[in-house]
Amino acid sequence: FLPFQVNARRLVIAYYVMTRDVKRTLAPEEFIVTVGGLNRGAHLAAYDPITDQSVPVRVVEAAERRLKLNLTATDYPRLLIIDEE
């Protein structure tokens with residue numbers, strides 16, 4: 001989980017699963033991730049740069065300055081894009 005601030009309102013977070021067996025590809029799995037410091041009204045998108053496609057991201061719970069997200073991750077980086085108003 002590697003966050004980068006692109007500008008005052010956009011964050012891009014690279015996320016992936018590190019596995020012990022580098023000889024086998026990890027099938028995508030769902031994970032629940034809690035991210036702090038975010039506003040409830042943030043716009044979320046997830047992108048897979050290998051397949052050049054959007055991937056699902058869902059807000060499971062929204063609290064004050066914290067979002068609990070359902071992300072699908074695999075053993076190479078995908079990008080979570082967060083735009084705050």
Side-chain angles (χ1 to χ4, degrees):
F1 201 80
L2 307 164
F4 298 92
Q5 186 164 358
V6 177
N7 59 37
R9 295 190 175 150
R10 176 174 274 194
L11 294 168
V12 175
I13 301 171
Y15 64 94
Y16 63 98
V17 177
M18 186 178 294
T19 64
R20 292 181 185 224
D21 189 352
V22 296
K23 296 177 189 174
R24 295 188 345 196
T25 301
L26 177 70
E29 295 181 28
E30 288 188 11
F31 292 88
I32 302 294
V33 178
T34 301
V35 183
L38 301 176
N39 295 324
R40 287 182 192 214
H43 178 265
L44 305 171
Y47 174 70
D48 184 328
I50 301 295
T51 63
D52 190 28
Q53 294 183 359
S54 295
V55 291
V57 57
R58 184 173 57 87
V59 176
V60 175
E61 183 180 308
E64 177 101 18
R65 309 278 302 150
R66 186 173 356 141
L67 297 175
K68 188 180 285 191
L69 307 174
N70 182 298
L71 298 171
T72 303
T74 189
D75 57 358
Y76 61 84
R78 289 180 168 178
L79 305 173
L80 174 63
I81 303 155
I82 302 169
D83 288 307
E84 294 195 293
E85 296 179 7

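From a predicted model like this one, the values you see are computed outputs, not experimental measurements.
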- [ ] Check salt bridge (charged side-chain N to carboxylate O under 4.0 Å, His left out) between D75 and all other residues, then give those that pass, not counting sequence neighbours.
- [x] none

Open item on the list: Starting from L11, can I reach V33 by hopping between I/L/V/M/F/W/Y residues whose side chains sit under 4.5 Å apart?
Closed with: yes

Open item on the list: Could you work out, with side-chain contact (heavy atoms from CB on, under 4.5 Å) as the rule, every residue matching E30, not counting sequence neighbours?
Closed with: N70, T72

Task: Transitive ILVMFWY side-chain link I32 to V35, under 4.5 Å - done: no

- [ ] Please examine the side chains of D48 and Y76, heavy atoms only from C-beta on, and report whether any two atoms are closer than 4.5 Å.
- [x] yes

- [ ] For residues L26 and T74, report the shortest heavy-atom separation together with the two atoms involved.
- [x] O-OG1, 2.6 Å

- [ ] Could you list the residues that satisfy salt bridge (charged side-chain N to carboxylate O under 4.0 Å, His left out) with R24, not counting sequence neighbours?
- [x] D21

Task: Spatial distance of atom CZ (F4) from atom CD1 (I13) [nearest 0.5 Å] - done: 10.0 Å

Open item on the list: Within this structure, what is the CG-CG distance for the pair L38 and L44, rounded to the nearest 0.5 Å?
Closed with: 7.5 Å

- [ ] Would you name the heavy atoms of A73 and R78 that are closest together and state the gap between them?
- [x] N-NH1, 4.3 Å

Open item on the list: Taking salt bridge (charged side-chain N to carboxylate O under 4.0 Å, His left out) as the definition, give me every residue that meets it alongside R65, ordered by chain and number, with sequence neighbours left out.
Closed with: none

- [ ] Could you grab the distance from atom CG of L80 to atom OH of Y15, nearest 0.5 Å is fine?
- [x] 6.5 Å

Open item on the list: Does Y16, at its OH atom, have more than 12 non-hydrogen atoms belonging to other residues, nucleotides or ligands within less than 6.0 Å?
Closed with: no

Task: F1 with I81, same ILVMFWY side-chain cluster at under 4.5 Å - done: no

Ignoring hydrogens and angles, write down the donor-acceptor pairs under 3.5 Å from the side chains of residues 52-59, residues two or more places apart or on other chains.
unit_1: D52; atom_1: OD1; unit_2: Y47; atom_2: OH; d: 2.6

Open item on the list: Do L71 and V60 land in one hydrophobic cluster if side-chain heavy atoms of ILVMFWY residues count as linked below 4.5 Å?
Closed with: no

TODO: Indicate the atoms forming the closest heavy-atom contact of A42 with I82, along with that distance.
DONE: CB-CG2, 3.9 Å

- [ ] Give every residue pair that meets the salt bridge (Lys or Arg N to Asp or Glu O under 4.0 Å) criterion with at least one member in residues 6-15, sequence neighbours excluded.
- [x] R10-D83

